[in-house]
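What follows is one structure encoded as structure tokens, with my remarks underneath.
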Amino acid sequence: MKINTHDGAKKRACALSRRSFLAGAGLACAGLGLAACSPASSEGETGGASASASVSAPANWDHEVDFLVIGSGTAAVGALAATEAEGASVMLIEKADSLFGGTSTTSGGGFWTPMNKWQADVNVTDSREAAIAYITGCGGGRTDQATVEAYVDTAHVMMEWLSDTIGVEFAVGGAHDYYDNVEGFLNYGRNSKVKSGKAGDVWNAIQAKLQERGCEILMGTALDEFYTDANGSVIGVKALQGGKEVNIKAGAVLMGTGGFDHDPEMTRENLPAPIFYSNAAQTNTGDGHRAAGRINAKLGLMSFVWAMPNIFPGKPADFDPAASVQFDIKGNDFNRYRGYPNSMIVNSRGHRFGDESATYPVYNMSMQNFSSDTLTYENVPAFFICDSTYVETYELPGMGEGDASWFEQADTIEELAEKLGIDAAGLVAEVAKFNGYAQTGVDEDYHRGEKESSKSAWLKNIDRPDLANPMIGPVEKGPFYGAVYLPAMTGTAGGVKINENAQAVNNDGEVIPGLYACGNCTASIAGGAYLGGGATLCPGATMAYIAAHHALGIS
């Protein structure tokens with residue numbers, strides 16, 4: 001484990017002693033749909049971070065703690081680690097009134113963990129070098145080497161500690177790495193998953209342990225502003241609890257406020273391609289991004305998302321292409337629908353545009369390709385097409401409850417095309433070509449079913465010895481079914497830039513003393529690439545763990 005703690009205790013002591021503020025400093029904020037502020041200074045002073053505009057200190061503090069955590073998702077792991085610092089007072093505030101854990105607690109409960117101890121149980125060999133190569137390769141030049149190394153060296157340590165501390169058992173899960181062509185790819189073993197399959201078990205146990213250890217938890221309490229001193233060091237926060245202002249003085253602050261999925265202005269100004277749905281907690285409205293921007297924090301990867309397609313949860317005729325991001329969980333396609341045989345995805349021309357068996361974040365990106373021919377995102381909306389063999393064999397959303405209202409039904413492909421607004425000639429030709437691929441077992445266009453990641457994702461649920469390729473079945477038995485299929489996400493992936501100690505940095509690349517960050521309010525440490533199953537929980541939790549150790553000098 002490589003956690004730089006040599007200066008943690010020193011910085012904590014300094015942070016606890018700083019009590020001067022810039023009174024009445026102006027806030028000049030603009031850009032990125034946020035509040036990115038210009039540096040300010042007092043009496044010519046500049047500290048380790050460029051001194052920034054600051055909100056005047058309150059006359060009285062409502063609370064004083066050594067370590068303040070904002071958010072109960074992966075940041076809660078940082079709060080738990082902080083309770084192991086002797087004599088340290090720890091507080092956690094959460095915007096939601098009752099849901100502790102946010103998006104994390106409603107997730108699949110997987111943690112993408114290189115070299116985890118459970119790999120030995122399934123005879124998997126992993127290495128530090130392979131994991132680093134894979135992360136940097138997926139990141140496309142957008143990763144920081146020191147941060148990647150800190151993550152790889154600490155993630156497996158954190159996971160073993162977490163399991164032991166909260167008494168929740170983990171094992172290697174079925175999820176896999178998602179980019180087969182990148183050096184260091186591992187088809188099985190890096191997904192550490194809670195044995196029960198319920199992420200809520202982890203966050204329930206964390207909450208109980210925090211309460212047992214005396215960490216004060218304030219629910220229904222949202223971040224509003226950071227208080228900084230004349231040197232730009234964060235020394236506390238202004239939070240809002242209902243209509244009440246709550247001022248909290250802190251030696252160090254760990255921000256884990258989630259993404260900006262449900263802020264229409266921020267998504268409109270930062271996401272370059274259409275996104276219609278997110279299953280992230282509806283409290284994720286960019287609070288941390290805006291507050292950090294106001295103290296000159298550097299923001300990065302703001303156009304990146306954790307991508308995942310979504311079946312439109314309504315009648316196809318009701319789809320509004322101008323709609324903003326909405327919350328939905330029922331139509332999520334986490335490798336649940338599009339890769340099974342007897343189905344295909346097409347655009348309004350009736351053409352396929354990708355390998356439907358590709359993992360969800362990869363396939364979602366093919367939906368967002370801009371066409372230089374039509375000068376549109378011509379794969380938006382797309383359409384999920386299947387036949388009666390599919391419906392009789394596999395589950396579709398809503399049909400299990402006897403409600404097929406998301407799907408149009410027709411006796412012929414031509415009739416289905418007309419109902420969905422697809423070019424009929426194009427769809428008929430594409431179905432004929434696809435059915436030919438089903439006979440040979442080879443998808444000559446997109447090589448469906450050939451990737452190792454595809455096989456791991458789909459084959460465990462497919463028993464079709466009648467097919468030449470178990471992931472390519474003909475679309476030939478009527479009636480036929482179709483639904484609107486859209487690009488969506490599980491969260492945004494951009495935010496505050498952090499270093500290997502999880503410290504926030506400013507626009508000059510200098511540390512902002514006293515401020516740490518983790519999870520979806522940060523710029524992804526993997527450069528915006530979703531590495532594999534559990535690729536948000538483990539990085540978020542690991543950087544939270546690192547932050548607590550660094551801030552409080554825990555060895």
Side-chain angles (χ1 to χ4, degrees), residues 2 32 74 110-114 128-155 175-186 190-191 256 258-261 267 270-273 275 280 288-289 292 297-308 358-366 368-369 453 487 489-505 507 509 516-544 546-547:
K2 293 185 177 180
L32 285 175
T74 57
F111 292 71
W112 192 86
T113 316
R128 180 179 190 268
E129 294 72 25
I132 291 172
Y134 180 71
I135 297 171
T136 54
C138 289
R142 296 179 297 273
T143 59
D144 174 72
Q145 187 69 17
T147 305
V148 171
E149 291 183 7
Y151 170 67
V152 171
D153 291 336
T154 310
H176 41 83
D177 291 354
Y178 286 167
Y179 293 87
D180 305 55
N181 61 328
V182 176
E183 181 185 353
F185 167 84
L186 192 62
R190 289 179 177 150
N191 177 246
F260 55 90
D261 309 54
T267 55
N270 290 291
L271 304 186
I275 289 285
H289 297 72
K298 184 175 183 179
L299 302 176
L301 304 179
M302 291 293 287
S303 64
F304 284 74
V305 301
W306 307 123
M308 168 212 57
T359 55
Y360 53 92
V362 175
Y363 189 75
N364 199 94
M365 288 188 283
S366 70
Q368 297 176 293
N369 289 335
S453 57
M489 61 182 168
T490 67
T492 55
V496 177
K497 296 281 286 185
I498 59 174
N499 66 12
E500 68 272 21
N501 301 315
Q503 294 170 289
V505 300
N507 284 304
Y516 297 79
C518 68
N520 286 357
C521 65
T522 68
S524 158
I525 65 170
Y530 199 83
L531 304 168
T536 50
L537 291 188
C538 197
T542 299
M543 300 316 291
I546 288 174

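Just so you know, residue 1 is the first one in the sequence shown, and it goes up from there.
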Closest heavy-atom pair and its distance - [X], [Y]:
{"X": "Asn270", "Y": "Pro272", "value": "O-CD, 3.4 Å"}
{"X": "Glu500", "Y": "Thr147", "value": "N-OG1, 3.3 Å"}
{"X": "Gly259", "Y": "Thr492", "value": "CA-OG1, 3.1 Å"}
{"X": "Ala133", "Y": "Val182", "value": "O-CG1, 4.3 Å"}
{"X": "Gly519", "Y": "Thr74", "value": "CA-OG1, 4.0 Å"}
{"X": "Phe185", "Y": "Arg190", "value": "C-NH1, 4.3 Å"}

Any donor-acceptor pair under 3.5 Å linking the side chain of [X] with the backbone of [Y]?
{"X": "Asn499", "Y": "Asn501", "result": "yes"}
{"X": "Tyr516", "Y": "Ile546", "result": "no"}
{"X": "Asp180", "Y": "Ser453", "result": "yes"}
{"X": "His289", "Y": "Leu299", "result": "no"}

Fill in: Partner set under side chain to side chain contact (heavy atoms under 4.5 Å, CB included) for Gln145, not counting sequence neighbours
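For Gln145, the residues satisfying side chain to side chain contact (heavy atoms under 4.5 Å, CB included) (neighbours in sequence not counted) are Ile132, Thr136, Glu149.
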If we only count heavy atoms from C-beta on, is the [X] to [Y] side-chain gap below 4.5 Å?
{"X": "Val305", "Y": "Leu271", "result": "yes"}
{"X": "Ile498", "Y": "Asp144", "result": "no"}
{"X": "Tyr134", "Y": "Leu531", "result": "yes"}

Fill in: Member of Asn191, Asp177, Leu537, Thr542 meeting the side chain to side chain contact (heavy atoms under 4.5 Å, CB included) criterion with Trp112
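For Trp112, the side chain to side chain contact (heavy atoms under 4.5 Å, CB included) check succeeds only for Asp177.
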Worksheet item: Nearest 0.5 Å, what's the CD1-CD1 distance between Ile525 and Ile135?
Response: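 Spacing of CD1 (Ile525) from CD1 (Ile135) equals 6.5 Å.
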Worksheet item: Among all residues two or more places apart in sequence or in another chain, which pass the ring pair (Phe, Tyr, Trp, His ring centres under 6.0 Å) test with Tyr151?
Response: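 If we apply the ring pair (Phe, Tyr, Trp, His ring centres under 6.0 Å) test to Tyr151, skipping adjacent residues, there are no hits.
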Practice prompt. Could you tell me whether Arg142 sits above the aromatic face of Phe304, with NZ or CZ closer than 6.0 angstrom to the six-membered ring centre and within 45 degrees of the axis?
Written response: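 Arg142 over Phe304 ring: no.
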Discussion item. Applying side-chain hydrogen bond (donor to acceptor under 3.5 Å, both in side chains) as the test, list every pair that has at least one member in residues 518-538; sequence neighbours left out.
Written reply: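 Of all non-adjacent pairs touching residues 518-538, those that pass side-chain hydrogen bond (donor to acceptor under 3.5 Å, both in side chains) are Trp306-Asn520.
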Worksheet item: When you check the side-chain N and O atoms of Tyr178 and Tyr360, is any donor under 3.5 Å from an acceptor?
Response: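 A donor-acceptor contact under 3.5 Å links the two side chains.
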